Protein chains: 2
Amino acid sequence: MNRRKATESKKIILEAANEVFAERGYSGTTIREVARRAGISIGGIYIYFQNKEELYLELTRDHIETFRKHTEMLRDKEPLAALKALIEYHLDYAIKNTGLISMHIKEYDLEFKKNLKKTFFDSQQRLVTGILKKGVMKGIFKDINCEETAEVILFSLRGATMDYLFGQIRDLKKYGESLYQLILNGIRRKAA
Amino acid sequence: MNRRKATESKKIILEAANEVFAERGYSGTTIREVARRAGISIGGIYIYFQNKEELYLELTRDHIETFRKHTEMLRDKEPLAALKALIEYHLDYAIKNTGLISMHIKEYDLEFKKNLKKTFFDSQQRLVTGILKKGVMKGIFKDINCEETAEVILFSLRGATMDYLFGQIRDLKKYGESLYQLILNGIRRKAA
DNA sequence: CGTAAGGGTGAACGCATGTTCAGGTGAACA
DNA sequence: TGTTCACCTGAACATGCGTTCACCCTTACG
């Protein structure tokens with residue numbers, strides 16, 4: 001029927017796939033459902049994507065890139081403000097992208113996305129370590145082990161995200177302040 | 001052939017199922033594989049369990065009960081010791097039961113185990129809140145919001161578990177001390 | 001007009017899964 | 001020995017999946 005341009009169709013498929021993956025996870029997503037929601041035929045998907053994996057990878061690369069771009073900006077802020085903003089961004093992201101995060105948690109061990117995941121986690125780890133090191137240098141933070149503390153901070157953020165996902169807590173934002181205080185009391189140099 | 005007693009067969013099936021579920025998660029587990037590993041036929045499984053869900057639930061109930069029993073004992077300890085032991089137990093459990101935890105994380109939203117999960121999470125929450133309240137009463141901890149702080153502590157423990165599972169960190173035990181310090185500095189009443 | 005090509009279709013294929021059920025087998029007892 | 005019954009078997013069934021491919025439109029161009 002030649003209804004659309006190729007680039008347009010590809011975009012529509014990606015958007016539909018994004019929806020379905022977020023709702024159902026990787027293995028729960030069927031090509032049939034993506035096709036249905038994109039308003040294209042089953043075979044039509046395979047014109048633009050070799051297979052389901054490729055479709056998934058293309059989406060995941062986008063998501064990681066978006067997240068990375070937003071958090072990398074924090075490097076320029078003051079350590080305290082950067083930490084606060086990091087916590088806020090994490091919690092905010094979790095609230096606004098439940099489906100996406102759910103997908104990545106549920107299928108965390110898919111072999112074909114291992115590299116992508118490692119790169120992502122490492123970049124976050126480096127970012128927080130950087131913030132902490134800056135704080136230590138400036139005398140704002142105690143003389144902590146920055147790598148290890150960065151990891152622990154990320155633990156708590158991911159744990160909060162997970163509990164929110166699990167439905168264990170309703171108002172995630174509420175915990176932002178508690179998290180900030182707990183972290184800060186643990187690393188800040190005493191004023192007195 | 002009447003090789004075994006019914007109770008024995010059921011136990012063998014449960015053990016096999018435990019293995020396979022831990023390795024492959026719920027949906028990744030096939031009755032065929034459980035049967036193969038239990039040394040019984042496919043149909044044999046259905047003599048003892050109505051279906052896959054029931055098999056899974058029976059196992060999960062056991063696991064939760066074991067965990068709960070071990071942590072409830074901490075109520076009698078001194079708050080500081082209880083916190084330390086709780087952290088230790090969590091990390092230890094994560095290391096020794098990767099497969100199990102992986103299964104629960106990967107299929108966290110299975111409808112038929114929702115109640116079981118909520119009960120489990122709530123009991124942990126109550127336990128930590130109790131420990132904190134005792135500490136506050138004794139003047140060991142600051143006048144914190146016990147419920148909220150308990151949640152944040154559980155965040156960090158679950159986050160640590162998750163990062164370990166994700167392969168992001170290798171030596172989980174190493175982070176026990178960091179976690180303890182961060183938490184403690186955040187809630188302990190200053191000695192001076 | 002003919003025809004090539006980009007864009008699209010969906011029935012069909014091969015495979016895997018949870019579940020069923022007609023039937024087998026051996027020990028225990030009459 | 002014959003009968004019963006608890007225990008067990010695995011081919012068969014219904015379903016659902018990712019993927020393929022022979023074929024169909026519509027447009028562009030000569």
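As the structure is a prediction and not an experimental result, all values here were calculated from the model. Chain letters run A, B, ... following the sequence lines, proteins first, then strands; residues in each count from 1.
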(request) Can you sort out the partners of Ile12(B) under side chain to side chain contact (heavy atoms under 4.5 Å, CB included), two or more places apart, ordered by chain and number? (result) Arg4(B), Glu8(B), Ala38(B)

(message) Restricting to side chain to side chain contact (heavy atoms under 4.5 Å, CB included), what partner residues turn up for Lys133(A), sequence neighbours left out?
(response) Thr129(A), Cys146(A), Glu147(A)

(request) Rounded to the nearest 0.5 Å, what's the gap from NE2 on His104(B) to CG on Leu165(B)? Could you check? (result) 12.0 Å

(request) Mind checking the CD-CG spacing from Glu15(A) to Leu59(A)? Nearest 0.5 Å is all I need. (result) 10.0 Å

Rounded to whole Å, how long is the line connecting atom [atom1] of [X] with atom [atom2] of [N]?
X        : N       : atom1 : atom2 : value
Phe49(B) : dC8(D)  : CZ    : P     : 12 Å
Ile42(A) : dT20(D) : CD1   : C1'   : 11 Å
Ile45(A) : dC17(D) : CD1   : C1'   : 15 Å
Tyr46(A) : dA11(C) : OH    : P     : 16 Å
Leu55(A) : dG18(D) : CG    : C1'   : 12 Å
Glu8(A)  : dG6(C)  : CD    : C1'   : 15 Å
Arg36(A) : dC17(D) : CZ    : P     : 12 Å
Ile47(B) : dG24(C) : CD1   : C1'   : 12 Å

(request) Taking ring pair (Phe, Tyr, Trp, His ring centres under 6.0 Å) as the test, write out the residues that go with Tyr175(B), two or more places apart. (result) Phe155(A)

(message) Can you give me the bend angle of the helix from dC1(C)-dG30(D) to dA30(C)-dT1(D)? Use the axis through the first five pairs and the one through the last five, nearest 10 degrees.
(response) 30°

(message) Suppose we call two aromatic rings close when their centres sit under 6.0 Å apart. Are Phe112(A) and Tyr26(A) close by that rule?
(response) yes

(request) May I ask you to check whether Phe67(B) and His90(B) place their ring centres under 6.0 Å from each other? (result) yes

(message) Closest approach to the side chain of Tyr48(A), judged atom by atom: which nucleotide of dT19(D), dG7(C), dT19(C) is it?
(response) dG7(C)

(message) Please give me every residue in residues 9-33 of chain A whose heavy atoms get under 4.0 Å of an atom in DNA chain C, ordered by residue number.
(response) Ser9(A), Arg32(A)

(message) Do Lys10(A) and Phe49(A) form a cation-pi contact, if we require the NZ or CZ to be under 6.0 Å from the six-membered ring centre and within 45 degrees of the ring's axis?
(response) yes

(request) Mind checking side chain to side chain donor-acceptor pair (under 3.5 Å) for Arg75(A) and listing every partner two or more places apart, or none if nothing turns up? (result) Glu72(A)

